[in-house]
Amino acid sequence: MRKTELQINLRNLEHNLSVIKSKTTSVIQAVVKANLYGLQLKQIIEILDSKVESYAVITLDEARDLRKLTKLPILLLQGVHENEDYKTVSEQELDFVLHSSWQIKSIDKFKLASNRLWLKVNTGMNRLGFSEQEFLENYNLMKNKNFRDIVVMSHLASSSDILNQQNQSQINTFDKITDGISSKKSLANSGALFNYPESHYDIVRTGIALYGGKYQEFGIKSISCLRSKIISIKKISRGETVGYDGMWRAKQDTHIAAIGIGYGDGFPYFSESFSVNINGNLYKTVGKINMDLITIDIGNEKKIKVGDWVELWGYETNLTELSQKFNSISYQLLTNISRRVAKNYLE
Ligand SMILES: *Cc1c(COP(=O)(O)O)cnc(C)c1O
């Protein structure tokens, strides 16, 4: 079996959940879209299930997979993508967002009395959600229908940036539009959990902070370690090149280690070198990443052997800093890791 794995530390997950809970008195919705930010559902849901109020996903397939693992509310964050979807929403007892009028057309045809409706208002992100007037019209319309409950929601565009004025302006707009509305309210994601306590309202929707992709400065820990064992060590001479297009040339005699992971596993494409960790020391990758391999200059270090682990990122790694080397963000680093990579769990 190929020794390439995303190892997941479930203790760090529990730690992150307790950090999150220490920051708010609101209940927590765990956002688990995109195959749980790439980390896979089962073991993590087992831990979250007794500690969160609900979950959020995007697609019906995600919701069906999750429904097999939990009885808690599951929210479709974009609501239905076609009106027929309400059939599944009803059968699977899913909560759903309404963000556009076309999603209301056939809503009366379906049994949705055990479902929570989340009415989304646009407060300035200008991505999804009703305008103030549409929102009030729809709220009054929906109030008289038979849903388990209505939650009023919106989303902040810049919550990770404590200095961005847009956040306060969105919070003020949300307050103004929902003034006098007695329904539950939800505005905050992970960034807002830490940076904007006044945005917490009733339900805080956290994703990336649970999984340690961001917010280490608030005590959050990375919960994943991406690693692969060395499958070959090759001696090469000064002047020889390594890999596709002969991009990298050895300035002196050295050794090249190869590990079995590449962009086919969802690792970001790179041609510039970056540092990986072998037995606690840092070494540079050489040449371009391949679909299934990465090559590393280990110099003349005799202690490194075939079978040693190479850590691409670990529990101490700041994923935001690492992602910047690939012109990416930590969310993408995590969600891109493909199903080909084994997911193993540290209890
Ligand atoms: C993805 C998502 C979240 C979670 O965001 P994080 O930054 O990962 O905490 C919350 N709300 C909505 C609407 C989202 O799409």
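Residue indices begin at 1 and follow the sequence shown. Atoms within each ligand, like the ligands themselves, are counted from 1 in listed order. All heavy atoms count here, side chains included; hydrogens, waters and symmetry mates do not.
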What about the rings of Tyr244 and Tyr269, do their centers lie closer together than 6.0 Å?
-> no
Side chains of Ser183 and Tyr139: is there a donor and an acceptor less than 3.5 Å apart?
-> yes
Near ligand 1, which protein residues have a heavy atom under 4.0 Å away?
-> Val31, Lys33, Tyr37, Leu77, His155, Asn189, Ser190, Arg205, Thr206, Gly207, Ile208, Tyr331
Salt bridge Asp308-Lys229, side-chain N to carboxylate O under 4.0 Å = no
What are the two closest heavy atoms between Ser199 and Leu187, and how far apart are they?
-> O-CB, 3.7 Å
Apply ring pair (Phe, Tyr, Trp, His ring centres under 6.0 Å) to Phe110 and list each qualifying residue two or more places apart in sequence or on a separate chain.
-> Tyr86
Between Lys145 and Ile107, which heavy-atom pair has the shortest distance, and what is it?
-> CE-CG2, 4.4 Å
